[in-house]
Amino acid sequence: MDLTTKYLGLNLQSPIIIGSSGLTDSVEKIEQLEKFGAGAVVLKSIFEEEITLEYEKMVEEESPNRYKDDYLDYFDYRIRQENLEKYIKLITEAKSKVSIPVIGSINCTTSHEWSYFAKSLQKAGADALELNVFILPSNLDLTTDFIEKTYFDIVRKVKKEVSIPIAIKMSFFFSNLAHVIKKLSTSGVAGIILFNHFYNPDIDINKLEVLAANVLSTPSELSTSLRWIGIMANRIGCDLAASTGVHDGASVIKQILAGADAVQVVSALYNNGPEYLETMLNDIKSWMQDKKYDKINAFKGILSQEKYMNPALFERVQFMKYFSDRK
Ligand SMILES: Cc1cc2nc3c(=O)[nH]c(=O)nc-3n(C[C@H](O)[C@H](O)[C@H](O)COP(=O)(O)O)c2cc1C
(Lines give C-alpha, C1' and ligand atoms only; values in the text may rest on other atoms or scores of the structure.)
Protein backbone atom coordinates (compact mmCIF):
# COMPACT_ATOMS: atom_id res chain seq x y z
CA MET A 1 0.00 0.00 0.00
CA ASP A 2 1.60 3.30 -1.09
CA LEU A 3 0.89 6.12 1.37
CA THR A 4 3.30 8.60 -0.21
CA THR A 5 1.93 11.88 -1.42
CA LYS A 6 2.95 15.42 -2.35
CA TYR A 7 2.24 18.61 -0.44
CA LEU A 8 3.72 22.05 -1.19
CA GLY A 9 5.86 20.28 -3.79
CA LEU A 10 7.46 18.20 -1.01
CA ASN A 11 7.49 14.40 -0.99
CA LEU A 12 5.73 12.98 2.07
CA GLN A 13 6.01 9.36 3.21
CA SER A 14 2.40 9.60 4.41
CA PRO A 15 -0.41 12.18 4.23
CA ILE A 16 -0.34 12.82 8.00
CA ILE A 17 1.55 15.95 9.02
CA ILE A 18 2.11 16.64 12.68
CA GLY A 19 0.72 20.14 13.19
CA SER A 20 2.46 23.03 14.88
CA SER A 21 2.49 22.40 18.65
CA GLY A 22 4.66 21.21 21.52
CA LEU A 23 4.66 17.78 19.82
CA THR A 24 7.40 19.01 17.47
CA ASP A 25 9.52 21.16 19.79
CA SER A 26 12.58 18.90 20.04
CA VAL A 27 14.73 16.87 17.68
CA GLU A 28 14.05 13.68 19.69
CA LYS A 29 10.28 14.10 19.31
CA ILE A 30 10.63 14.78 15.57
CA GLU A 31 12.80 11.67 15.10
CA GLN A 32 10.17 9.60 16.89
CA LEU A 33 7.37 11.04 14.74
CA GLU A 34 9.33 10.19 11.59
CA LYS A 35 9.74 6.63 12.87
CA PHE A 36 5.99 6.31 13.46
CA GLY A 37 5.30 7.42 9.89
CA ALA A 38 4.72 11.20 9.93
CA GLY A 39 4.75 12.71 6.45
CA ALA A 40 6.21 15.97 7.73
CA VAL A 41 6.31 18.08 10.89
CA VAL A 42 5.36 21.70 11.42
CA LEU A 43 7.41 23.21 14.24
CA LYS A 44 5.77 25.13 17.04
CA SER A 45 5.29 28.71 15.87
CA ILE A 46 7.81 31.33 16.73
CA PHE A 47 5.61 34.10 18.12
CA GLU A 48 6.62 37.72 17.85
CA GLU A 49 4.14 38.53 20.60
CA GLU A 50 5.79 36.06 22.97
CA ILE A 51 9.16 37.72 22.38
CA THR A 52 7.65 41.16 22.97
CA LEU A 53 6.05 39.97 26.22
CA GLU A 54 9.36 38.54 27.40
CA TYR A 55 11.00 41.89 26.70
CA GLU A 56 8.29 43.83 28.52
CA LYS A 57 8.59 41.55 31.54
CA MET A 58 12.35 42.04 31.59
CA VAL A 59 11.95 45.82 31.45
CA GLU A 60 9.42 45.75 34.28
CA GLU A 61 11.57 43.53 36.48
CA GLU A 62 14.79 45.39 35.82
CA SER A 63 13.26 48.85 36.34
CA PRO A 64 13.30 50.78 33.07
CA ASN A 65 14.76 53.87 34.73
CA ARG A 66 18.08 52.11 35.15
CA TYR A 67 18.54 52.00 31.42
CA LYS A 68 18.73 54.48 28.65
CA ASP A 69 16.77 53.87 25.47
CA ASP A 70 19.86 52.48 23.72
CA TYR A 71 20.16 49.75 26.30
CA LEU A 72 16.47 48.90 26.07
CA ASP A 73 16.83 48.54 22.31
CA TYR A 74 19.75 46.26 22.92
CA PHE A 75 17.73 44.02 25.29
CA ASP A 76 14.87 43.88 22.82
CA TYR A 77 17.32 42.83 20.11
CA ARG A 78 19.02 40.27 22.37
CA ILE A 79 15.79 38.53 23.43
CA ARG A 80 14.67 38.40 19.80
CA GLN A 81 18.00 36.94 18.70
CA GLU A 82 18.07 34.35 21.48
CA ASN A 83 14.59 33.10 20.61
CA LEU A 84 15.34 33.04 16.93
CA GLU A 85 18.67 31.28 17.46
CA LYS A 86 16.97 28.55 19.52
CA TYR A 87 14.47 28.06 16.70
CA ILE A 88 17.19 28.02 14.04
CA LYS A 89 19.15 25.43 16.05
CA LEU A 90 16.06 23.20 16.19
CA ILE A 91 15.62 23.41 12.40
CA THR A 92 19.30 22.77 11.66
CA GLU A 93 19.55 19.82 14.04
CA ALA A 94 16.24 18.32 12.94
CA LYS A 95 17.29 18.58 9.29
CA SER A 96 20.51 16.72 10.05
CA LYS A 97 18.66 13.88 11.80
CA VAL A 98 15.46 13.26 9.82
CA SER A 99 14.62 12.99 6.15
CA ILE A 100 10.95 14.07 6.39
CA PRO A 101 10.25 17.74 5.57
CA VAL A 102 10.58 20.18 8.47
CA ILE A 103 8.20 23.12 8.13
CA GLY A 104 8.83 26.28 10.16
CA SER A 105 5.89 28.25 11.52
CA ILE A 106 5.71 31.99 12.17
CA ASN A 107 3.20 34.18 13.94
CA CYS A 108 4.04 37.87 13.82
CA THR A 109 2.20 41.09 14.43
CA THR A 110 4.47 43.56 12.63
CA SER A 111 5.28 43.28 8.96
CA HIS A 112 9.01 43.80 9.45
CA GLU A 113 9.26 40.73 11.68
CA TRP A 114 7.35 38.47 9.27
CA SER A 115 10.08 39.09 6.68
CA TYR A 116 12.99 38.86 9.10
CA PHE A 117 11.82 35.60 10.71
CA ALA A 118 10.94 34.05 7.34
CA LYS A 119 14.38 34.79 5.90
CA SER A 120 16.10 33.39 8.98
CA LEU A 121 14.07 30.15 8.91
CA GLN A 122 14.80 29.60 5.23
CA LYS A 123 18.51 30.15 5.87
CA ALA A 124 18.38 27.58 8.69
CA GLY A 125 17.17 24.96 6.18
CA ALA A 126 13.39 24.83 6.69
CA ASP A 127 11.73 22.97 3.79
CA ALA A 128 8.70 25.28 3.83
CA LEU A 129 7.05 27.94 5.97
CA GLU A 130 3.63 27.98 7.51
CA LEU A 131 2.29 31.46 8.24
CA ASN A 132 0.11 31.19 11.29
CA VAL A 133 -2.20 34.15 10.80
CA PHE A 134 -4.46 34.48 13.76
CA ILE A 135 -6.90 37.34 13.46
CA LEU A 136 -10.12 37.14 15.42
CA PRO A 137 -12.32 39.80 13.83
CA SER A 138 -13.43 41.15 17.21
CA ASN A 139 -12.47 44.79 16.74
CA LEU A 140 -15.66 46.74 16.19
CA ASP A 141 -13.85 49.39 14.18
CA LEU A 142 -11.96 47.25 11.67
CA THR A 143 -13.54 46.71 8.27
CA THR A 144 -13.69 43.40 6.37
CA ASP A 145 -11.39 44.86 3.71
CA PHE A 146 -8.81 45.86 6.29
CA ILE A 147 -8.67 42.38 7.84
CA GLU A 148 -8.48 40.63 4.46
CA LYS A 149 -5.76 42.97 3.31
CA THR A 150 -3.65 42.02 6.33
CA TYR A 151 -3.51 38.42 5.08
CA PHE A 152 -2.43 39.46 1.58
CA ASP A 153 0.13 41.95 2.88
CA ILE A 154 1.76 39.25 5.01
CA VAL A 155 1.94 36.80 2.09
CA ARG A 156 3.38 39.46 -0.23
CA LYS A 157 6.04 40.52 2.28
CA VAL A 158 7.15 36.97 3.08
CA LYS A 159 7.03 35.88 -0.55
CA LYS A 160 9.42 38.70 -1.45
CA GLU A 161 12.01 37.37 1.01
CA VAL A 162 11.99 33.60 0.56
CA SER A 163 12.05 31.05 -2.23
CA ILE A 164 10.86 28.00 -0.24
CA PRO A 165 7.14 27.15 -0.42
CA ILE A 166 4.82 29.14 1.84
CA ALA A 167 1.55 27.89 3.28
CA ILE A 168 -0.97 29.98 5.16
CA LYS A 169 -2.94 28.67 8.11
CA MET A 170 -6.15 30.61 8.37
CA SER A 171 -9.33 30.73 10.40
CA PHE A 172 -12.89 30.43 9.12
CA PHE A 173 -13.93 33.83 10.48
CA PHE A 174 -14.67 35.42 7.10
CA SER A 175 -17.99 36.54 5.72
CA ASN A 176 -16.96 35.42 2.21
CA LEU A 177 -14.73 32.49 3.02
CA ALA A 178 -14.72 30.71 -0.37
CA HIS A 179 -13.73 33.91 -2.18
CA VAL A 180 -10.92 34.70 0.28
CA ILE A 181 -9.53 31.15 0.05
CA LYS A 182 -9.63 31.35 -3.76
CA LYS A 183 -7.93 34.74 -3.78
CA LEU A 184 -5.27 33.59 -1.33
CA SER A 185 -4.60 30.53 -3.50
CA THR A 186 -3.42 32.83 -6.29
CA SER A 187 -1.40 35.13 -4.06
CA GLY A 188 1.77 33.06 -4.28
CA VAL A 189 1.15 30.57 -1.47
CA ALA A 190 1.75 26.90 -2.23
CA GLY A 191 -0.83 25.71 0.28
CA ILE A 192 -3.63 26.71 2.61
CA ILE A 193 -4.41 25.03 5.91
CA LEU A 194 -8.10 24.88 6.81
CA PHE A 195 -8.33 25.77 9.71
CA ASN A 196 -6.50 27.25 12.62
CA HIS A 197 -7.90 26.33 16.02
CA PHE A 198 -8.55 29.19 18.43
CA TYR A 199 -8.44 29.06 22.19
CA ASN A 200 -12.12 29.03 23.11
CA PRO A 201 -13.69 30.67 26.13
CA ASP A 202 -15.72 28.89 28.78
CA ILE A 203 -17.47 30.10 31.93
CA ASP A 204 -17.22 28.62 35.40
CA ILE A 205 -20.76 29.12 36.72
CA ASN A 206 -19.72 28.45 40.33
CA LYS A 207 -16.75 30.81 40.50
CA LEU A 208 -18.39 33.24 38.04
CA GLU A 209 -15.19 33.38 36.03
CA VAL A 210 -14.39 33.31 32.33
CA LEU A 211 -11.74 30.74 31.54
CA ALA A 212 -10.10 28.99 28.62
CA ALA A 213 -11.95 25.89 27.41
CA ASN A 214 -10.00 22.73 26.70
CA VAL A 215 -7.16 23.52 24.30
CA LEU A 216 -7.47 20.14 22.59
CA SER A 217 -10.03 19.64 19.84
CA THR A 218 -12.78 17.01 19.81
CA PRO A 219 -13.70 14.69 16.90
CA SER A 220 -16.95 16.64 16.41
CA GLU A 221 -14.91 19.60 15.16
CA LEU A 222 -13.92 17.69 12.02
CA SER A 223 -16.96 18.74 10.01
CA THR A 224 -16.03 22.42 9.62
CA SER A 225 -12.78 21.73 7.80
CA LEU A 226 -14.33 18.74 5.99
CA ARG A 227 -17.05 21.00 4.54
CA TRP A 228 -14.58 23.63 3.31
CA ILE A 229 -11.98 21.19 2.01
CA GLY A 230 -14.84 19.53 0.08
CA ILE A 231 -16.10 22.83 -1.31
CA MET A 232 -12.70 24.24 -2.29
CA ALA A 233 -10.90 21.09 -3.55
CA ASN A 234 -10.03 21.08 -7.28
CA ARG A 235 -11.21 24.68 -7.57
CA ILE A 236 -8.20 26.62 -6.37
CA GLY A 237 -4.63 27.15 -7.44
CA CYS A 238 -2.75 25.62 -4.50
CA ASP A 239 -2.67 22.63 -2.15
CA LEU A 240 -5.07 22.20 0.74
CA ALA A 241 -4.29 20.71 4.13
CA ALA A 242 -7.02 19.86 6.62
CA SER A 243 -6.61 20.70 10.28
CA THR A 244 -8.76 20.45 13.42
CA GLY A 245 -10.73 17.50 14.70
CA VAL A 246 -8.80 14.72 12.95
CA HIS A 247 -8.68 12.06 15.68
CA ASP A 248 -8.44 8.76 13.79
CA GLY A 249 -7.54 7.08 10.51
CA ALA A 250 -11.14 7.30 9.28
CA SER A 251 -11.08 11.11 9.62
CA VAL A 252 -7.87 11.28 7.57
CA ILE A 253 -9.55 9.18 4.86
CA LYS A 254 -12.62 11.47 4.91
CA GLN A 255 -10.47 14.57 4.45
CA ILE A 256 -8.57 12.99 1.54
CA LEU A 257 -11.82 11.83 -0.09
CA ALA A 258 -13.05 15.43 0.25
CA GLY A 259 -9.88 16.61 -1.51
CA ALA A 260 -7.18 17.37 1.10
CA ASP A 261 -3.59 16.97 -0.12
CA ALA A 262 -2.42 16.40 3.44
CA VAL A 263 -3.98 16.21 6.88
CA GLN A 264 -2.61 17.77 10.06
CA VAL A 265 -2.98 16.07 13.42
CA VAL A 266 -2.26 17.41 16.91
CA SER A 267 -4.85 16.70 19.65
CA ALA A 268 -5.13 13.00 18.78
CA LEU A 269 -1.43 12.55 19.53
CA TYR A 270 -1.63 14.59 22.73
CA ASN A 271 -4.44 12.26 23.82
CA ASN A 272 -2.91 8.95 22.70
CA GLY A 273 0.85 9.48 22.39
CA PRO A 274 2.99 9.68 19.22
CA GLU A 275 2.77 5.91 18.66
CA TYR A 276 -0.96 6.38 17.88
CA LEU A 277 0.21 7.72 14.51
CA GLU A 278 1.11 4.17 13.54
CA THR A 279 -2.43 2.99 14.42
CA MET A 280 -3.94 5.75 12.29
CA LEU A 281 -1.72 4.86 9.33
CA ASN A 282 -2.46 1.13 9.69
CA ASP A 283 -6.20 1.90 9.70
CA ILE A 284 -5.77 3.91 6.48
CA LYS A 285 -3.83 1.04 4.88
CA SER A 286 -6.48 -1.54 5.85
CA TRP A 287 -9.22 0.66 4.43
CA MET A 288 -7.26 1.16 1.18
CA GLN A 289 -6.73 -2.58 0.91
CA ASP A 290 -10.41 -3.21 1.50
CA LYS A 291 -11.45 -0.65 -1.13
CA LYS A 292 -8.65 -1.71 -3.51
CA TYR A 293 -6.95 1.67 -3.64
CA ASP A 294 -3.20 1.20 -4.05
CA LYS A 295 -2.20 4.86 -3.65
CA ILE A 296 -3.46 8.10 -2.09
CA ASN A 297 -4.07 9.77 -5.45
CA ALA A 298 -6.49 6.98 -6.38
CA PHE A 299 -9.10 8.33 -3.95
CA LYS A 300 -8.03 11.93 -3.33
CA GLY A 301 -10.92 14.30 -3.98
CA ILE A 302 -13.33 11.75 -5.41
CA LEU A 303 -15.99 12.99 -2.98
CA SER A 304 -15.18 16.70 -3.31
CA GLN A 305 -18.12 18.93 -4.13
CA GLU A 306 -16.79 19.40 -7.64
CA LYS A 307 -16.80 15.62 -8.29
CA TYR A 308 -19.65 14.34 -6.18
CA MET A 309 -23.04 13.73 -7.80
CA ASN A 310 -24.90 15.39 -4.94
CA PRO A 311 -22.89 18.59 -4.41
CA ALA A 312 -25.64 20.20 -2.34
CA LEU A 313 -24.70 18.03 0.64
CA PHE A 314 -21.61 20.15 1.29
CA GLU A 315 -23.72 23.28 1.40
CA ARG A 316 -26.75 22.06 3.28
CA VAL A 317 -27.01 24.22 6.36
CA GLN A 318 -30.64 23.96 7.34
CA PHE A 319 -32.15 21.26 9.50
CA MET A 320 -35.69 21.60 8.13
CA LYS A 321 -35.91 18.16 6.58
CA TYR A 322 -34.12 16.49 9.48
CA PHE A 323 -36.64 17.78 12.01
CA SER A 324 -39.69 17.26 9.82
CA ASP A 325 -38.68 13.59 9.32
CA ARG A 326 -38.19 12.93 13.03
CA LYS A 327 -41.01 11.33 14.95
C1 LIG B 1 -0.73 22.57 22.90
C2 LIG B 1 -0.95 23.15 21.52
C3 LIG B 1 -0.05 24.07 21.01
C4 LIG B 1 -0.26 24.62 19.74
N5 LIG B 1 0.64 25.52 19.24
C6 LIG B 1 0.46 26.02 17.99
C7 LIG B 1 1.40 26.90 17.41
O8 LIG B 1 2.41 27.27 18.00
N9 LIG B 1 1.15 27.36 16.15
C10 LIG B 1 0.06 26.99 15.43
O11 LIG B 1 -0.10 27.40 14.27
N12 LIG B 1 -0.85 26.14 15.95
C13 LIG B 1 -0.68 25.66 17.21
N14 LIG B 1 -1.59 24.80 17.73
C15 LIG B 1 -2.79 24.44 16.92
C16 LIG B 1 -2.55 23.13 16.18
O17 LIG B 1 -1.49 23.23 15.25
C18 LIG B 1 -3.82 22.70 15.44
O19 LIG B 1 -4.14 23.67 14.45
C20 LIG B 1 -5.01 22.54 16.37
O21 LIG B 1 -4.65 21.85 17.55
C22 LIG B 1 -6.14 21.79 15.67
O23 LIG B 1 -5.74 20.50 15.27
P24 LIG B 1 -6.16 19.18 16.10
O25 LIG B 1 -7.61 19.12 16.08
O26 LIG B 1 -5.49 18.04 15.39
O27 LIG B 1 -5.62 19.37 17.48
C28 LIG B 1 -1.39 24.23 18.98
C29 LIG B 1 -2.29 23.30 19.52
C30 LIG B 1 -2.08 22.75 20.76
C31 LIG B 1 -3.07 21.75 21.31
Side-chain angles (χ1 to χ4, degrees), residues 17-33 40-64 66-98 101-136 150-151 153-155 157-170 193 196-199 212 215 264 266 270:
I17 295 176
I18 312 311
S20 178
S21 61
L23 294 168
T24 59
D25 65 3
S26 78
V27 177
E28 296 70 36
K29 290 182 191 173
I30 296 170
E31 282 182 296
Q32 212 184 17
L33 291 166
V41 290
V42 184
L43 302 184
K44 176 136 189 64
S45 304
I46 179 161
F47 287 95
E48 183 188 358
E49 201 184 354
E50 204 167 59
I51 294 171
T52 308
L53 286 175
E54 211 177 307
Y55 165 72
E56 283 168 3
K57 190 162 156 255
M58 189 280 303
V59 170
E60 207 175 290
E61 281 170 2
E62 302 276 331
S63 163
R66 282 175 53 199
Y67 301 109
K68 288 194 167 38
D69 284 352
D70 293 359
Y71 280 111
L72 290 176
D73 282 351
Y74 168 70
F75 284 126
D76 186 24
Y77 171 78
R78 209 185 67 191
I79 290 171
R80 207 156 290 260
Q81 281 310 106
E82 278 172 5
N83 276 275
L84 198 54
E85 274 160 26
K86 250 192 274 169
Y87 205 85
I88 286 171
K89 189 161 170 261
L90 176 61
I91 296 178
T92 322
E93 286 184 9
K95 283 301 297 170
S96 71
K97 291 277 172 60
V98 297
V102 175
I103 301 172
S105 169
I106 315 176
N107 176 283
C108 291
T109 44
T110 59
S111 57
H112 167 71
E113 293 299 71
W114 280 106
S115 312
Y116 179 54
F117 285 10
K119 259 193 305 199
S120 309
L121 269 50
Q122 167 167 289
K123 202 159 153 227
D127 293 289
L129 288 181
E130 195 170 283
L131 309 178
N132 170 15
V133 186
F134 232 106
I135 306 172
L136 186 76
T150 310
Y151 279 78
D153 286 349
I154 291 166
V155 172
K157 289 221 165 71
V158 174
K159 188 87 190 112
K160 221 163 65 188
E161 302 295 340
V162 298
S163 54
I164 53 176
I166 300 168
I168 189 157
K169 189 178 187 186
M170 61 187 290
I193 299 97
N196 222 328
H197 190 245
F198 284 77
Y199 252 65
V215 294
Q264 297 198 355
V266 172
Y270 270 113

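Checking side-chain atoms of S20 against main-chain N and O of V42 turns up no donor-acceptor pair under 3.5 Å. Here the side chain of D127 pairs a donor or acceptor atom with the backbone of V102 at under 3.5 angstrom. Judged purely by atom type and a 3.5 angstrom limit, K29 uses its side chain to pair as donor or acceptor with the backbone of G22.
Under the side chain to side chain donor-acceptor pair (under 3.5 Å) criterion, N132 pairs with S45, N196, sequence neighbours left out. Partners of K160 according to the side chain to side chain contact (heavy atoms under 4.5 Å, CB included) rule, which considers only residues two or more places apart in sequence or in another chain, do not exist here. Under the side chain to side chain contact (heavy atoms under 4.5 Å, CB included) criterion, K123 pairs with no residue, sequence neighbours left out. Applying the ring-ring contact (aromatic ring centres under 6.0 Å, His included) test to F198 and every residue at least two apart in sequence or in another chain returns F134, F173. Listed by chain and number, the residues in a side chain to side chain contact (heavy atoms under 4.5 Å, CB included) with I164 are Q122, A126, L129, V162 (sequence neighbours excluded).
Under the 4.0 Å criterion applied to side-chain N and carboxylate O atoms, E31 and K97 are not assigned as salt-bridge partners.
Residues L43 and I30 form a side-chain contact, since some pair of their non-hydrogen atoms from C-beta on lies under 4.5 Å apart. In this structure, the side chains of L136 and Y199 stay at 4.5 Å or more apart for every pair of heavy atoms.
Here the shortest heavy-atom pairing between I88 and A124 reads CG2-CB, 3.7 Å. G104 and L121 make their closest contact through CA-CD2, 4.1 Å (heavy atoms, listed as atom of the first residue, atom of the second, distance). Scanning all heavy atoms of the two residues, the minimum distance from S115 to E161 falls at CB-CG, 3.6 Å. Contact detail for W114 and V133: the closest heavy-atom pair is CH2-CG2, 4.2 Å. The two residues G125 and I91 make their nearest non-hydrogen contact at C-CG2, 3.9 Å.
To the nearest 0.5 angstrom, I46 atom CD1 is 4.5 Å from L84 atom CG. Note: T24 OG1 to I103 CD1 = 10.5 Å, rounded to the nearest 0.5 Å. One finds the CG atom of L131 at 6.0 Å from the CD1 atom of I166 (value rounded to the nearest 0.5 Å). Once rounded to the nearest 0.5 Å, the distance linking OH of Y116 with CD1 of I106 reads 12.0 Å.
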Determine whether Q264 and E130 satisfy the following criterion, side chain to side chain contact (heavy atoms under 4.5 Å, CB included), listing intermediate values before the conclusion. CA-CA 12 Å; Q264 297 198 355; E130 195 170 283; 3.0 Å; yes
Using the side chain to side chain contact (heavy atoms under 4.5 Å, CB included) rule, take I135 and Y151 through it: C-alpha gap first, then chi angles, then the decisive distance, then the call. CA-CA 9 Å; I135 306 172; Y151 279 78; 3.6 Å; yes
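The stretch residues 85-94 participates, sequence neighbours left out, in no side chain to side chain donor-acceptor pair (under 3.5 Å) pair at all.
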